[in-house]
Amino acid sequence: MNCGFRMRPPAMSQGVWPIDEAISSIGMPHGPWEATYWAEPKVLLLEDIKHAHSSWATIESLADVISPTSSCRQDFLAEAASGAFDGCVAVYRTWESIVITGKFDAEVLDTLPSSIRFISHKGAGYDQVDVAACTARGIQVSNTPGTVDDGTANLGIFLLLGALRNLPVCMAALRDGKWRGTSEPALGHDPEGKVLGILGMGGIGRNMARKARAFGMKIRYHNRARLDRDTEKELEAEYVGFDELLAGCDALSLNLPLTESTRHIISKRELSKMKKGVVIVNTARGAIMDEAALVEALDSGQVSSVGLDVFESEPQIHPRLLNNPRVLLTPHLGTWTVETQEKMEELAIKNLHMFLTKGKPCTVVPEQRDM
Ligand SMILES: O=CC(=O)O
C-alpha cells in the first residue's frame with residue numbers, strides 16, 4: 001500500500017510520528033500492522049536551513065524531507081498537483097519562500113496534499129499565510145514571535161535616528177562627490193525629550209520602547225489591549241487612545257501586524273491629525289501605511305522625514321519614496337542578522353519537532369490558540 005510513509009520497526013524510530021496518527025491524519029484505513037510498525041512522516045522544506053544545522057538534523061532523523069524543484073508559484077502548483085509532495089504532513093516555510101509559492105492561500109492549500117496538518121512559519125509576521133483557510137482545513141500554523149524583537153527594534157532605532165538627523169540627504173550628497181550637498185543641510189533633531197508614539201506594543205514595540213528610553217525619549221503607546229501596569233511602569237510608557245497618540249507624538253513607530261483591520265491604518269486622515277513635521281518609522285509591514293497618502297504628506301511637509309524598512313508592494317517601491325531625499329530606506333532587513341536568523345530558525349524547527357513528536361507546536365499563532 002502506498003500511503004506516503006516508510007515503515008520502520010519501533011526500535012529504530014524513537015519518538016517518530018506514530019503510524020496510526022499519521023494514517024488517521026490522511027484518512028487512511030487502519031491495518032493490523034499499525035501496532036507494531038511506525039512510519040516516517042514527510043516534511044516539505046521550502047527554503048534551505050542556513051544556520052541551525054544540528055537542530056535540523058533532529059528533524060531529518062524523524063522525517064523524510066522533500067524540497068520542491070520549482071522556483072515560481074505556477075511551477076510549484078504544478079509540482080504539487082503532480083503528487084510530488086504526497087504524504088507530507090508538515091511544511092517549513094520562510095518569508096523569502098514566497099517567491100516559490102506566492103501567498104500561502106486557499107489555492108496553494110487545496111493543491112497541496114490533504115495530509116498536510118501543520119505549517120511552521122519562520123518569522124514573526126505571518127500575513128503571507130491565510131490562517132483562516134488553514135484553520136478551515138484543520139492545519140495548525142506556528143510563527144516565531146520574540147526571536148525578531150532585538151533585530152527589528154535595533155533597525156527601528158537606526159531608522160528613527162537617521163530620519164531625525166536627515167541623514168539620507170547628506171549621505172547621498174557625499175556619495176555624489178558633493179560633501180554636504182550644494183547648500184547647507186537642514187539641522188537634524190536629537191531624540192532626547194521627544195515623544196515617541198508606538199503603535200503596537202507587542203514584543204518589538206516593547207523592545208523599541210526600552211531602547212528609545214535609553215535615548216531620553218518619552219514613550220506613549222496605543223495597542224489593542226493595554227499592557228499591565230507593571231509593564232507600563234517598567235517601560236515608563238503611557239497608554240493613550242489612537243487619535244491622542246497621533247496628535248501628541250514627535251515621532252511615530254509602527255510595530256503592529258498586518259491584518260485586514262490594520263491595513264492602511266495610517267492614511268490621509270491619520271497623517272493630517274499628526275503634528276506638522278512628524279517623523280515616521282515603519283519596520284512592520286508596508287501596507288499598514290497608505291503609501292500614496294504618505295508621499296503626499298512628505299511633499300506637503302506634514303511629515304518631515306521617514307525611515308522605512310517595509311513597503312506596500314515589495315520589492316517594488318513607490319518611485320516618489322525612492323526619489324525623496326527625506327526618506328531613509330532599507331530593503332526589509334529587520335531580522336537580517338546572523339543572531340536573529342539563527343533564533344528564528346531554531347524556534348521554527350522546535351515547532352516542527354514538537355508537532356512531529358507531540359502533535360502540537362509551542363508557538364501556535366494567536367488565531368488558533370483555542371484550536
Ligand atoms: O519581517 C519579518 C518577520 O515578520 O519576521
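Order of listing sets the numbers, starting from 1, for every ligand and every atom in it.
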Check: Glu345 side chain, Lys50 main-chain N or O, donor-acceptor pair, under 3.5 Å: yes
From the candidates Met344, Lys122, His332, the one that places a heavy atom nearest atom 1 (O) of ligand 1: His332
Side chains of Asp290 and Ser267, donor plus acceptor under 3.5 Å: yes
Asn282 and Asp309 side chains, donor-acceptor separation under 3.5 Å: no
Closest to atom 4 (O) of ligand 1 among Gly151, Gly123, Gly125 (heavy-atom distance): Gly125
His353 atom NE2, neighbour heavy-atom count above 12 within 6.0 Å: yes
Closest protein heavy atom to atom 5 (O) of ligand 1, given as residue, atom name and distance to 0.1 Å: Ala124 N, 2.8 Å
Contacting atoms of ligand 1, where contact means under 4.0 angstrom from a heavy atom of Val148: 5 (O)
Check: His264/Glu291 side-chain N/O donor and acceptor closer than 3.5 Å: no
Arg285 near ligand 1 by a heavy-atom separation under 4.0 Å: yes
